[in-house]
Every structure is written in C-alpha cells, then in structure tokens.
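What's counted below: heavy atoms across the whole structure, side chains too, no hydrogens, waters or symmetry copies.
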Amino acid sequence: MGEEYFVETEKMKLQEKDELSQIHFVLVHGISGGWCWYKIKSLMEISCYKVTCLDLKGAGIHPADPTTVLSFDDYNEPLIEFLSSLPENEQVILVGHSAGGLSVTDATHKFPKKVRLAVYVAATMLRTGFVTEQDVKDGIPDLSEFGEPIDVYDMGFGLGPEQPPSSAVIKRSLQRKIIYQMSPLEDSTLAAMLLRPGPIQALKSAQFKEGEDVEKVPRIYIRTAYDRVVKPEQQDAMIKKWPPQNVYTLESDHSPFFSAPFLLFGLIIKAASSFGCSD
C-alpha cells in the first residue's frame, strides 16, 4: 500500500511539473534589456515554468547601435520574429515592463491567437500607440521635475547634431533616484553598469493597426504605487482609457523586478491562474 501510494504521488508530481512546463512566459523589457528580469526568470524556472527573456533591437546584448534604430517595427523585430517562429498552436504569456508595454500591444495586435495573456507591469498600455496628444501625455515619462532634458538624459544624435535625439538614457547620477529608489543597491549598481540608451525616436513612432481579435486577449495591469517614471496617475489614465480585466498594485518603484521580485512573481502567476493559464 505504501509503495503504491508513493508511486502514484510521484506520478502526480511529474504530471504537475509537465503541465507547468507547458506554460511559456515571454518577458519583455523597457529601456534596458532582458537582463533586468534575472530574478523573475530564476523564480519561474525554479517553479518549472518555461521562460524567455528577449533583447529588443539595440538593447541588452543585441549588437545594433540604438542611435540607429529609428522605427518601432525595427526595434520590435526580435519579438515579432520570435512569435512568428512558434508553432501555430503554441501560445505564450507576454509580460511587458515600461516601454515594453508597446511591444506587447504590437505583438497582441499581430498575433492574438498566440498570446494567452498580456501582462503590463508599470507599462505603457495604449491600444493604438501614440496617436493623440493625450496618448503622449499618458504614455511618455515626464521627468521635468528632475530638471531640463539635457540635465536628466544622456542623448545620442544618430540623425545628426541638428536633428532631434534618436536615443536617450537617464544620467547615471540620477538613475537610482528616478528608477530604482526602492531597489537594493546592488541591483541599481548592476543596472547602471548594463543600461544602454533607448531608441526614443522609434518608441515615439509606435502606432498600431488594430487587429480584429485583439480584445479576445485578456490583459492584466500591475500598477507601481511609487513610480517616478510612469507615474501612478499616468498608469491610471491608461487603465481608464483601455480597461484591462484585472488591476493589481505593488508598493514599489518603477522596477519591481528588483524592489519586489517575489510579490511581482506571485502576481504574474496569480494573473495566469485567474485566466486558466495554469490548467
């Protein structure tokens, strides 16, 4: 009896592990790189989930120079190519942080049948991208409280010195104050060493042609209550304009994958479970 019970218990454990391994999370960074998800990736893999962390064009270890990435389609190409390469019947859960929300929305419009769930973490969530002035106000960080742009950002001019900047990154001396004020010092130190400029011209050009089935993809928004980049009032405005199915709130800065990784992981899994993605 004891041996039979042990065998059946182990079979159940293996079956549960196999079912969990079928859930595929794709984590999409903002202006950073796939490296920013290292804590969440570890938690997911320890829990037997499949997880992919992509580098969009010019980010992370992608070889492109971000000052030369000028269109959103070009910037988001790695995510679109990845989804295109998946088998027709395979689905993923997309998780986008900050500007990565634009990438998630683009992918949801283009591949609604391949996205089981879209999770926005302190992210830009605009159904058709930057179409109106209100979209810009809601979705683009306003850091004027920290100084003039030249005082806040290091900028690159891929189109020439007389043209608007094509890339930007918050100055290293301000990064902890603005992006990581509640995060462990070692994480903000690592980020300062790895952070590359973001292709701001490409991001500002993000506009999406609505797909017919986009509303069939459930969406979750995870708010960050002490965010100094995408401020809570901006997040609330986007949530009100394009309401997701559920909204959760984290008591964190703009980088909950550093400042509240266990809570963020728990909310992502809770969101997946609430839409039957753990079956």
Worksheet item: Got a sec: does the CD of Glu148 have more than 12 other heavy atoms crowding it under 6.0 Å?
Response: no
Worksheet item: Got a second to check how far Lys39's NZ is from Ser259's OG, nearest 0.5 Å?
Response: 8.5 Å
Item to complete: Say whether Val26 and Val51 are linked into one hydrophobic cluster, either directly or through other cluster members, by side-chain heavy-atom distances under 4.5 angstrom.
Response: yes
Worksheet item: Any idea which heavy atoms bring Ala118 and Thr108 closest together, and the distance?
Response: CB-OG1, 4.2 Å
Fill in: SB check Asp142 Lys231 (cutoff 4.0 Å)
no
Response to the item:
Heavy atoms of Val121 and Pro256 approach each other most closely as CG1-CG, 3.7 Å
Worksheet entry | Plane angle bin for His29 and Tyr75 - parallel if under 30°, tilted between 30 and 60°, otherwise perpendicular | perpendicular
Discussion item. Do Lys110 and Leu83 make a side-chain contact, defined as non-hydrogen atoms from C-beta onward lying under 4.5 Å apart?
Written reply: no
Worksheet item: Is Phe82 reachable from Phe111 through a run of I, L, V, M, F, W or Y residues, each pair having side-chain heavy atoms under 4.5 Å apart?
Response: yes
Worksheet item: Pick from Leu190, Val169, Ile170: which one makes a side-chain contact (heavy atoms from CB on, under 4.5 Å) with Leu195?
Response: Val169
Discussion item. Rounded to the nearest 0.5 Å, what separates atom NZ in Lys50 from atom CD in Glu45?
Written reply: 11.5 Å
Worksheet item: For the residue pair His254 and His97, does the interplanar ring angle fall in the parallel (under 30°), tilted (30 to 60°) or perpendicular (over 60°) class?
Response: tilted
Worksheet item: Would a hydrophobic clustering, with Ile, Leu, Val, Met, Phe, Trp and Tyr connected at side-chain separations under 4.5 Å, put Leu250 with Tyr226?
Response: no
Item to complete: Apply side chain to side chain contact (heavy atoms under 4.5 Å, CB included) to the pair Met238 and Tyr120, showing each step before the final yes or no.
Response: CA-CA 11 Å; Met238 290 185 286; Tyr120 294 77; over 6 Å; no
Worksheet item: Between Gln235 and Thr224, is there a donor-acceptor pair closer than 3.5 Å when you use the side chain of the first and the backbone of the second?
Response: yes
Practice prompt. Please step through side chain to side chain contact (heavy atoms under 4.5 Å, CB included) for the pair Trp35 and Cys53, ending with a clear verdict.
Written response: CA-CA 8 Å; Trp35 56 265; Cys53 298; over 6 Å; no
Worksheet item: Would you say Leu185 has more than 12 foreign heavy atoms packed within less than 6.0 Å of its CG?
Response: yes
Worksheet entry | Hphob cluster co-occupancy, Met182 + Leu263, side-chain heavy atoms under 4.5 angstrom | no
Worksheet item: What do you reckon, is CD of Glu133 surrounded by more than 12 foreign heavy atoms closer than 6.0 Å?
Response: no
Discussion item. Testing the basics here: between Ala192 and Arg172, what is the closest heavy-atom pair and its distance to 0.1 Å?
Written reply: O-NH2, 2.9 Å
Worksheet item: Less than 4.0 Å between a side-chain N and a carboxylate O, is that true for Lys241 and Asp135?
Response: yes
Discussion item. Side chains of Leu43 and Phe262, heavy atoms from C-beta outward: is any pair under 4.5 Å?
Written reply: yes
Worksheet item: Do you know which two heavy atoms are closest between Ser183 and Phe258, and how far apart they sit?
Response: OG-CB, 3.5 Å
Item to complete: Check whether any side-chain heavy atom of Leu143 sits under 4.5 Å from a side-chain heavy atom of Leu174, and report yes or no.
Response: no
Discussion item. Pairing donors with acceptors under 3.5 angstrom, does anything connect the side chains of His24 and Thr52?
Written reply: yes
Item to complete: Tell me, with the steps shown, if Phe208 and Leu126 meet side chain to side chain contact (heavy atoms under 4.5 Å, CB included).
Response: CA-CA 9 Å; Phe208 315 123; Leu126 300 168; 5.7 Å; no
Response to the item:
Paired with Ile93, the side-chain contact (heavy atoms from CB on, under 4.5 Å) test is passed by just one of Leu27, Val115, Leu117, namely Leu117
Worksheet item: Is the closest side-chain heavy-atom distance between Arg127 and Arg219 below 4.5 Å?
Response: no
Discussion item. When you compare the side chain of Tyr248 with that of Ile220, does any pair of heavy atoms fall below 4.5 Å?
Written reply: yes
Worksheet item: Could you state the interatomic distance from CG (Leu79) to OG (Ser103), rounded to the nearest 0.5 Å?
Response: 6.0 Å
Worksheet item: Is Glu81 salt-bridged to Lys57, cutoff N-O under 4.0 Å?
Response: no
Practice prompt. Would you kindly confirm whether Leu86 and Val119 end up in one hydrophobic cluster when ILVMFWY residues are joined by side chain heavy atoms under 4.5 Å apart?
Written response: yes
Fill in: Shortest non-hydrogen contact from Asn246 toward Ser274
ND2-OG, 4.1 Å
Practice prompt. Please indicate whether Lys204 has more than 12 foreign heavy atoms, meaning atoms of other residues, nucleotides or ligands, lying under 6.0 Å from its NZ.
Written response: no
Discussion item. For a quick test of reading the model, state the closest non-hydrogen atom pair linking Val69 to Pro199 and the distance between them.
Written reply: O-CB, 3.5 Å
Worksheet entry | Partner of Phe25 under ring-ring contact (aromatic ring centres under 6.0 Å, His included), chosen from Phe265, Trp37, Tyr49 | Tyr49
Discussion item. Taking the side chain as everything from C-beta on, heavy atoms only, tell me whether Val230 gets closer than 4.5 Å to Ser98.
Written reply: yes
Response to the item:
Value for CZ (Arg196) from OG (Ser32), rounded to nearest 0.5 Å, stands at 11.5 Å
Worksheet item: Does OH in Tyr38 sit with more than 12 non-hydrogen atoms of other residues, nucleotides or ligands closer than 6.0 Å?
Response: yes
Worksheet, complete the sentence: Distance col, row Ile200:CD1 vs Thr67:OG1, nearest 0.5 angstrom, shows 11.0 Å
Response to the item:
The reported gap from CD1 in Ile222 to NZ in Lys270 (rounded to nearest 0.5 angstrom) is 10.0 Å
Fill in: Any Gln163 side-chain heavy atom under 4.5 Å of Phe157 side chain
no
Item to complete: Test side chain to side chain contact (heavy atoms under 4.5 Å, CB included) on Ile140 and Phe130 and set out the steps.
Response: CA-CA 9 Å; Ile140 292 182; Phe130 296 115; 3.6 Å; yes
Fill in: Side-chain (Gln201) to main-chain (Pro165) donor-acceptor, under 3.5 angstrom
yes
Fill in: Asp138 with Lys240: basic N within carboxylate O range, under 4.0 Å
no
Item to complete: Would you mind reporting whether Leu159 and Leu70 have side-chain heavy atoms less than 4.5 Å apart?
Response: yes
